[in-house]
Peer 1: 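Questions regarding the structure given below will be posed in turn.
Throughout, protein chains are lettered first and strands after them, A, B, ... in sequence-line order, and every chain is numbered starting at 1.
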Amino acid sequence: MSMDRRKFLKAAGLTTLVGLGGKGLFELLKPGAVEAEMAEEGHGHHEEGEKNAGPKVRLAMLIDVMALNKEKIEKIVHTCHYLHNVPNWGDPKNEIKWIWEDEYEHVFTDSYNEYNHILEGLPFLLMCNHCDNPPCVRVCPVQATFKRPDGIVAQDYHRCIGCRFCMAACPYGSRSFNWLDPRVHLKIEMAEGRKLNKRFPTRMRGVVEKCNFCVERLAEGKQPGCVEAAPDVMFFGNLADPNSNVRKILRERISLRRKLELGTRPSVFYLI
Amino acid sequence: MIEKALKGSSLYWGWIIFLLCLIGAGFMAYLYQLKVGLGITGMSRDISWGVYIAQFTYFVGVAAGGVMVVIPKYLHHYTKYAKIVVFGEFLAIAAVVMCLLFIVVDIGQPMRMLNVLLHPTPHSMLFYDMIVLNGYLLLNIICGYNTLLADKKGVPCPGWVKPFIYISIPWAISIHTVTAFLYAGLPGRHFWLTAIMAPRFLASAFAAGPALLIMILLFVRKVTKFDPGMDAIQTLAKTVCYAMIANLFFMGCEFFTAFYSQIPGHMHTLEYLFEGLDGYGNLVPFMRAAIVIGLFGIFLLLVPPIRRNTKWLAVAAASIFLSTWIDKGVGLVIGGFIPNPFDTITEYHPTFPEITIAAAIWGVGGLIVTILYKVAISVREEQARV
């Protein structure tokens with residue numbers, strides 16, 4: 001094999017963006033998209049020499065907090081954890097989670113406003129923020145976690161040495177470690193009627209995992225599982241394209257992002 | 001030279017066997033951990049580093065502390081350290097080996113460890129930590145072995161060793177600086193995110209390393225014919241005293257910034273560690289004790305007649321060692337995870353197998369120190385006879 005897994009994933013991710021939200025690849029690559037994104041971010045990380053550096057895709061997730069309810073949350077979490085064979089340990093010590101619910105106070109810790117009666121009591125879905133400037137990628141000693149050209153922060157379960165530096169670095173608590181063998185637990189769950197998704201690998205103990213924005217589904221031209229589970233709540237698209245579905249929504253709705261003061265530039269938006 | 005470690009009293013062999021038992025027990029526990037996973041420890045999703053990384057951090061300090069003997073000897077030609085400099089270097093060897101072992105037992109996939117070399121990643125601080133720790137181990141083996149060999153033969157240390165000795169000085173600073181950078185560069189962990197982390201690490205290292213050395217040398221002085229020299233030990237004690245004062249001063253600076261600014265994120269961990277937060281306070285008695293014991297140790301070292309009393313000096317060194325151990329070997333790493341990124345609290349309770357494994361690594365450190373010191377002391381005793 002002349003192409004390793006990583007290169008394949010990167011290539012697969014980019015080429016299959018074609019299928020996203022019914023948009024053609026040519027649309028994502030439209031002139032001006034890159035420049036618009038740079039101007040919008042306004043962080044000055046755009047260097048002169050990069051002007052002709054080709055397309056920029058930055059995948060992002062929008063979560064309509066106002067449209068969420070218990071039922072939808074359950075469906076989203078279940079879909080994601082089924083699709084990725086996430087074991088349900090049932091105890092916080094060994095727990096693995098890719099997407100889960102928490103309250104305003106715990107989600108926006110540093111900007112919590114106790115008089116914000118609108119946000120208080122609303123359900124928030126937490127997941128990996130796929131930061132544009134990810135601290136986990138910075139600290140990983142083996143590049144087991146890395147940022148793809150489309151902005152997805154991916155995790156290579158076969159390279160991870162399990163040092164858990166990324167867990168210390170992630171300010172969002174998005175990462176889980178396989179303290180025990182997940183396959184053993186999945187077997188127990190399967191005996192109780194759980195189904196295994198044969199299209200996605202299970203993990204071994206001793207490695208870190210987290211939400212992957214469903215790279216494996218994007219590669220097949222599908223939407224992420226959570227979007228499919230609740231298409232009126234979750235919106236997925238290219239933040240770098242000013243005409244994308246997500247940018248259109250962001251122009252109309254008030255949005256929040258977690259812990260912006262840390263400079264990580266998260267790609268998950270909460271719509272209010 | 002190493003054959004000298006094979007001849008010893010029954011006390012010596014008893015101690016070696018005790019250490020081997022400790023190591024054996026820990027090895028069994030480690031096999032269990034390898035089989036089942038790190039779930040056998042008290043670590044969790046919220047407290048993702050525990051005893052292992054905390055001990056690793058502490059012993060990087062002990063290793064770096066050895067430089068407090070090397071600097072006076074080689075940069076200031078303080079000849080009273082001539083006889084003990086090798087003990088500082090040998091202590092550093094044992095401490096670095098312990099550090100490396102603590103990393104090995106902490107990682108989830110140890111068989112993939114060489115990925116760090118296979119995929120070198122210069123933006124990861126762990127990459128540099130690997131380089132500086134292994135480099136420091138090598139430097140101390142080169143310097144320690146050759147100076148002792150030269151002593152044995154009664155000739156001056158060969159010239160080619162000198163550059164390694166000089167390099168080992170900034171290298172010692174680097175190992176603890178890089179270790180501090182593992183923590184001090186993480187966004188969202190307020191307790192660790194402090195520019196004073198590296199200086200404070202160094203201060204506590206320069207207290208802890210020499211304090212341990214004093215304890216060992218006082219013991220050596222008692223049970224062997226080799227006398228390291230009371231003057232040398234007294235000078236070391238002064239170093240410990242200064243360094244510990246600097247350490248507590250830096251800690252005070254942390255308190256000032258947190259509590260005068262009143263920024264909740266900066267206060268929370270300190271509150272958790274020293275007075276309890278939201279009803280959680282497992283570490284409070286330990287952290288408070290660390291301060292009291294540390295101040296007590298400083299007091300003993302500050303008053304010259306007390307410091308010159310061998311028994312009190314031993315108490316003082318033990319106090320400083322214990323105080324810095326609680327502060328850095330327990331509170332610093334665990335505290336960084338409390339509260340968690342959701343501002344809630346999960347506490348940490350190390351398990352029996354976890355402690356057994358950590359104790360075994362202490363045992364390995366003890367074994368290395370014992371054997372290397374036995375060799376060095378035998379050489380020194382021979383010299384005294386000649």
Peer 1: Taking every non-hydrogen pair under 4.5 Å, which of B:Pro264, B:Gly265, B:Pro110, B:Ser124 racks up the most with chain A?
Peer 2: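 Highest number of heavy-atom pairs under 4.5 Å: B:Ser124.
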Peer 1: So, the side chain of A:Glu105 versus the backbone of B:Phe342: is there a donor-acceptor pair under 3.5 Å, distance only?
Peer 2: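 No; judged by distance alone, with no hydrogens or angles, the pair does not exist.
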Peer 1: Going by the side chain to side chain donor-acceptor pair (under 3.5 Å) test, which pairs reach into residues 98-119 of chain B, not counting sequence neighbours?
Peer 2: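 Counting only pairs at least two positions apart or across chains, the side chain to side chain donor-acceptor pair (under 3.5 Å) contacts touching residues 98-119 of chain B are A:Arg159-B:His119, A:Arg164-B:Asp106.
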Peer 1: For chain B, which candidate among A:Lys259, A:Met204, A:Glu103 shows the most heavy-atom pairs at distances under 4.5 Å?
Peer 2: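 Answer, by heavy-atom pair count under 4.5 Å with chain B: A:Met204.
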Peer 1: Please flag which part of A:Arg258 lies under 4.5 Å from any non-hydrogen atom of chain B: side chain, backbone, both or neither.
Peer 2: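 A:Arg258 touches chain B through side-chain heavy atoms alone.
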Peer 1: As an exercise: rank B:Gly37, B:Gly39, B:Gly188 by heavy-atom pairs under 4.5 Å with chain A and give me the winner.
Peer 2: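 Answer, by heavy-atom pair count under 4.5 Å with chain A: B:Gly39.
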Peer 1: If you count every heavy atom of other residues, nucleotides or ligands that lies below 6.0 Å from A:Ile118 atom CD1, does the total exceed 12?
Peer 2: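 Counting neighbours around CD1 of A:Ile118, 12 or fewer heavy atoms of other residues, nucleotides or ligands fall under 6.0 Å, so no.
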Peer 1: Nearest heavy-atom pair of A:Val142 and B:Val116: which atoms, and what distance?
Peer 2: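 Scanning both residues completely, I find the closest heavy atoms to be CG1-N, 3.6 Å.
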Peer 1: Around B:His123, counting heavy atoms of other residues, nucleotides and ligands shown, do more than 12 lie under 6.0 Å from its NE2?
Peer 2: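 Count over threshold, so yes.
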Peer 1: From A:Leu262 CG over to B:Leu186 CG, what is the distance, rounded to the nearest 0.5 angstrom?
Peer 2: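 Taking CG in A:Leu262 and CG in B:Leu186, the distance rounds to 11.0 Å.
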Peer 1: Please classify the contact between B:Leu34 and chain A as side chain, backbone, both or neither, with a heavy-atom cut-off of under 4.5 Å.
Peer 2: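 Only the backbone of B:Leu34 comes within 4.5 Å of chain A.
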Peer 1: Return yes if some donor-acceptor pair links the side-chain N/O of B:Ser44 with the main-chain N/O of A:Lys93 below 3.5 Å, else return no.
Peer 2: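 No, because the side chain of B:Ser44 does not come within donor-acceptor range (under 3.5 Å) of the backbone of A:Lys93.
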Peer 1: Is any side-chain heavy atom of B:Thr121 closer than 4.5 Å to a side-chain heavy atom of A:Pro141?
Peer 2: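 B:Thr121 vs A:Pro141: side chains apart.
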Peer 1: Which atom pair, heavy atoms only, marks the closest approach of A:Trp179 to B:Thr41?
Peer 2: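 Shortest heavy-atom separation between A:Trp179 and B:Thr41 comes out as CZ3-OG1, 4.4 Å.
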Peer 1: Given heavy-atom pairs under 4.5 angstrom as the criterion, report whether the side chain, backbone, both or neither of B:Leu126 touches chain A.
Peer 2: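 Interface part for B:Leu126: both.
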Peer 1: Among A:Gly162, A:Gly263, A:Pro92, A:Cys170, which residue forms the greatest number of heavy-atom pairs with chain B at distances under 4.5 Å?
Peer 2: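 Highest number of heavy-atom pairs under 4.5 Å: A:Gly162.
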Peer 1: Please classify the contact of B:His190 with chain A as side chain, backbone, both or neither, using a heavy-atom distance under 4.5 Å.
Peer 2: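 Contact with chain A: side chain only.
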Peer 1: Using a 4.5 Å heavy-atom cutoff, which residues in residues 184-192 of chain A come close to chain B?
Peer 2: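 Under the 4.5 Å heavy-atom cut-off, nothing qualifies.
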Peer 1: With a 3.5 Å distance limit and no angle check, can you tell me whether B:Arg45 reaches the backbone of A:Gly173 through a side-chain donor-acceptor pair?
Peer 2: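 Yes, the answer is positive, given that a donor and an acceptor are paired below the 3.5 Å cut-off.
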Peer 1: Looking only at heavy atoms, which of residues 48-58 of chain B get nearer than 4.5 Å to chain A?
Peer 2: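 The stretch touches chain A at B:Ser48, B:Trp49.
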Peer 1: Taking non-hydrogen atoms and a cut-off under 4.5 angstrom, which of residues 329-341 of chain B neighbour chain A?
Peer 2: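 From residues 329-341 of chain B, the residues near chain A are B:Phe337, B:Pro341.
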Peer 1: Could you check which of B:Leu118, B:Leu193, B:Leu182 has the highest count of heavy-atom pairs closer than 4.5 Å to chain A?
Peer 2: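 The residue among B:Leu118, B:Leu193, B:Leu182 with the greatest pair count is B:Leu182.
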Peer 1: Quick one: does B:Pro187's side chain get under 4.5 Å of A:Arg138's, heavy atoms only?
Peer 2: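 B:Pro187 vs A:Arg138: side chains touch.
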Peer 1: Within a radius of less than 6.0 Å around OH of A:Tyr112, do more than 12 heavy atoms belonging to other residues, nucleotides or ligands occur?
Peer 2: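 Buried by this count: over 12 neighbours within 6.0 Å.
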Peer 1: For A:Glu74, does the CD atom have more than 12 heavy-atom neighbours from other residues, nucleotides or ligands under 6.0 Å away?
Peer 2: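 For A:Glu74, atom CD is not crowded (no more than 12 foreign heavy atoms under 6.0 Å).
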Peer 1: Which atoms of B:Met43 come close to chain A, meaning under 4.5 Å heavy atom to heavy atom: side chain ones, backbone ones, both, or neither?
Peer 2: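 Both backbone and side chain of B:Met43 come within 4.5 Å of chain A.
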